[in-house]
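Contents: one structure, followed by commentary.
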Amino acid sequence: MRRYLRVVGLCLACGFCSLLYAFSQLAVSLEEGAAGGRRPQAAAMVSWLADGERGGPGRGAGSAGSGRPGRYSLKTQPTEKMHLAVVACGERLEETLTMLKSALIFSIKPLQVHIFAEDQLHDSFKDRLDSWSFLQRFNYTLYPITFPSDSAVEWKKLFKPCASQRLFLPLILKEVDSLLYVDTDILFLRPVDDIWSLLKKFNSTQIAAMAPEHEEPRIGWYNRFARHPYYGKTGVNSGVMLMNLTRMRRKYFKNDMTTARLQWGDILMPLLKKYKLNITWGDQDLLNIMFFHNPESLFVFPCQWNYRPDHCIYGSNCRGAEEEGVFILHGNRGVYHDDKQPAFRAVYEALRNCSFEDDAVRSLLKPLELELQKTVHTYCGKTYKVFIKQLTKSIRNRYDTPPKER
């Protein structure tokens, strides 16, 4: 009998607690309703700012204020961050900062930037990037240039001193699921969000995305000169490389060195040893060899996502750029810093000199178009409108459209 009474008493107590909880939740919902439904949105914003303050150890940007990390984590999910990586060595500081500025001017989602740089550049990067902390739209982390200790000398001698660092990103950034790698000489003419969204178009076998090295085989390098396997008809260019790092770490790659399939961390050194006397473009050549043997693993995006002088110096051969404009400009071979391709240099200087103020971005187009019109004596300048077609849309969408319509 006593046992029965205890059970009844316990049930009554549980029921009473449930009623109290229900009334408390009703009160909270009525309070939020009276606030016009705005609290969750504000909470999401403050939650992201608090999350942004954590960053890397002592190397986060956008950390104004003291914030309370995780304060709103029970009610809202943090905004998805995009991850952008770049490798900078030598005289690439200003070029890298201009690339980052172009990414931040147009992008919408928060950006986590991973900068791999020589030690002597770290202080300069920190000084400049910390001065952008008012943006509160990005975090950055600085990393040293790092290669496997038993083969560091060989990797540093490959093509350029730091170029092959990108091959080791899946192994270094172990906590990052997906990543956009770009060379320092890249300029974004539309939001990073747009190329980031291509990750959702990957099928179940694809682990990375790049653009073809050439559109026109008659002027292609790989199909005419390469002494090693390469992807597709004309190879791929690794200056803009979208990666699902989780899949890259898990995949076992077919290869021509052994019948066994090898994972990313196990295949790099054997590839270098076999082909080091046959490759010209370093890590890009190794990537071409890997995807030659594993073509099902590559998503190929069109040339307007990686527009280079090769697409116009012998006449326009990137149809996508002609129709939609250039999405990402790649000024390889130093064309931002000499007079060989003045159209590319004009775009670079316009973005380098532009501030983050809305009016400065809006006023970018008129002077740039005037400068581009001075380049019509060159093949790339003859089609100068491809450089501003998408740029015009990006500025209009980001700075002239009311926030609710973006």
Side-chain angles (χ1 to χ4, degrees), residues 38 41-42 44-53 55 60-65 67 78-82 84 86 94-113 125 127-140 180 182 186-197 304 324-329 331 336 343-373 384-406:
R38 291 188 296 271
Q41 183 178 0
M45 178 63 71
V46 178
S47 176
W48 181 80
L49 289 176
D51 181 62
E53 289 167 14
S63 56
T79 305
E80 177 196 5
K81 282 186 180 180
M82 303 177 293
L84 177 68
V86 65
E94 197 65 36
E95 198 173 77
T96 305
L97 291 169
T98 303
M99 179 276 292
L100 292 174
K101 184 190 292 185
S102 72
L104 290 166
I105 282 175
F106 300 118
S107 296
I108 300 165
K109 291 192 185 92
L111 199 59
Q112 175 67 47
V113 181
F125 269 117
D127 290 344
R128 296 286 292 275
L129 292 175
D130 284 351
S131 71
W132 296 358
S133 62
F134 64 90
L135 293 172
Q136 297 186 343
R137 293 208 311 269
F138 82 111
N139 268 357
Y140 73 91
L180 175 63
V182 296
I186 290 297
L187 293 173
F188 292 94
L189 305 187
R190 67 181 295 172
V192 176
D193 309 62
D194 295 337
I195 190 169
W196 189 259
S197 69
Q304 61 264 40
E324 302 178 273
V326 175
F327 297 167
I328 294 179
L329 194 68
Y336 294 150
F344 280 77
R345 182 169 183 170
V347 179
Y348 173 77
E349 291 183 348
L351 286 166
R352 184 193 65 188
N353 297 328
C354 181
S355 73
F356 287 106
E357 296 175 1
D358 289 5
D359 289 341
V361 178
R362 289 192 190 99
S363 61
L364 177 77
L365 286 171
K366 287 279 186 181
L368 174 57
E369 185 168 7
L370 290 174
E371 287 300 313
L372 287 170
Q373 287 173 354
Y384 74 87
K385 290 188 177 180
V386 304
F387 295 94
I388 55 174
K389 184 178 288 188
Q390 177 58 49
L391 186 60
T392 303
K393 292 179 183 177
S394 298
I395 292 174
R396 182 173 65 244
N397 292 341
R398 188 75 177 90
Y399 293 92
D400 295 338
T401 304
K404 290 184 180 179
E405 297 178 18
R406 287 177 189 164

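Fair warning: this is a prediction, and the values are worked out from it, not measured in the lab. The chain is numbered in sequence order, starting from 1. The basis for the numbers below is simple: all heavy atoms, side chains too, and nothing from hydrogens, waters or symmetry mates.
With sequence neighbours left out, Arg352 forms a side chain to side chain donor-acceptor pair (under 3.5 Å) with no residue at all. Among residues two or more places apart in sequence or in another chain, the side chain to side chain donor-acceptor pair (under 3.5 Å) test is passed with Tyr336 by none. Take Gln304 and apply the side chain to side chain donor-acceptor pair (under 3.5 Å) test, not counting sequence neighbours, and it matches Glu324. Partners of Thr392 according to the side chain to side chain contact (heavy atoms under 4.5 Å, CB included) rule, which considers only residues two or more places apart in sequence or in another chain, are Leu365, Ile388, Arg396. Among residues two or more places apart in sequence or in another chain, the side chain to side chain contact (heavy atoms under 4.5 Å, CB included) test is passed with Gln390 by Arg190, Phe327, Lys393, Ser394. Residues that satisfy the side chain to side chain donor-acceptor pair (under 3.5 Å) test with Asp359, not counting sequence neighbours, are Arg362.
Looking at Asp193, its side chain does come within 3.5 Å of a backbone N or O of Ile108 through a donor-acceptor pair. The closest donor-acceptor contact from the side chain of Ser107 to the backbone of Val192 lies under 3.5 Å.
When side chains are defined from C-beta on, Leu329 does not count as touching Phe188, because their heavy atoms never get closer than 4.5 Å. At least one side-chain heavy atom of Lys81 sits under 4.5 Å from a side-chain heavy atom of Pro110.
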Inset, instruction - Determine, stepwise, if the pair Tyr140 / Leu111 fulfils side chain to side chain contact (heavy atoms under 4.5 Å, CB included). - result: CA-CA 8 Å; Tyr140 73 91; Leu111 199 59; over 6 Å; no

Inset, instruction - Begin with the C-alpha distance, continue with both residues' side-chain angles, and end with the deciding distance and a verdict on side-chain hydrogen bond (donor to acceptor under 3.5 Å, both in side chains) for Tyr348 and Asn353. - result: CA-CA 9 Å; Tyr348 173 77; Asn353 297 328; over 6 Å; no

Inset, instruction - Under the side chain to side chain contact (heavy atoms under 4.5 Å, CB included) rule, what do Phe125 and Thr96 come out as? Steps first, then yes or no, please. - result: CA-CA 9 Å; Phe125 269 117; Thr96 305; 3.8 Å; yes

Inset, instruction - May I have the step-by-step check of side chain to side chain contact (heavy atoms under 4.5 Å, CB included) for Leu84 and Gln112, ending in yes or no? - result: CA-CA 6 Å; Leu84 177 68; Gln112 175 67 47; over 6 Å; no

Inset, instruction - Could you give me the CA-CA distance, side-chain angles and deciding distance for Ile328 and Val182, then say whether side chain to side chain contact (heavy atoms under 4.5 Å, CB included) is met? - result: CA-CA 10 Å; Ile328 294 179; Val182 296; 5.8 Å; no

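Here the shortest heavy-atom pairing between Val361 and Phe106 reads CG1-CE2, 4.5 Å. Between Ser363 and Pro367, the shortest heavy-atom contact is O-CD, 3.2 Å. What you find for Ala350 and Leu368 is that their closest heavy atoms are CB-CD1, 4.0 Å. In plain terms, the two heavy atoms of Ala343 and Leu372 that are nearest each other are O-CD2, 3.6 Å. The shortest heavy-atom contact between Trp132 and Leu97 is CH2-O, 3.5 Å.
Note that CG of Leu189 is 10.5 Å distant from CD1 of Ile105, once rounded to the nearest 0.5 Å. Considering CG of Leu135 and CG of Leu129, their distance stands at 10.0 Å, rounded to 0.5 Å. Between the NZ atom of Lys109 and the CD atom of Glu80 there is a distance of 5.0 Å, given to the nearest 0.5 Å. Distance check: Asn139 CG to Ser133 OG gives 11.0 Å after rounding to the nearest 0.5 Å. With rounding to the nearest 0.5 Å, the separation of CE in Met99 from CG in Leu351 is 12.5 Å. The distance from atom CZ of Arg128 to atom CG of Leu100, rounded to the nearest 0.5 Å, is 10.5 Å.
With respect to the salt-bridge test (charged N to carboxylate O, under 4.0 angstrom), the residues Glu94 and Lys101 do not qualify.
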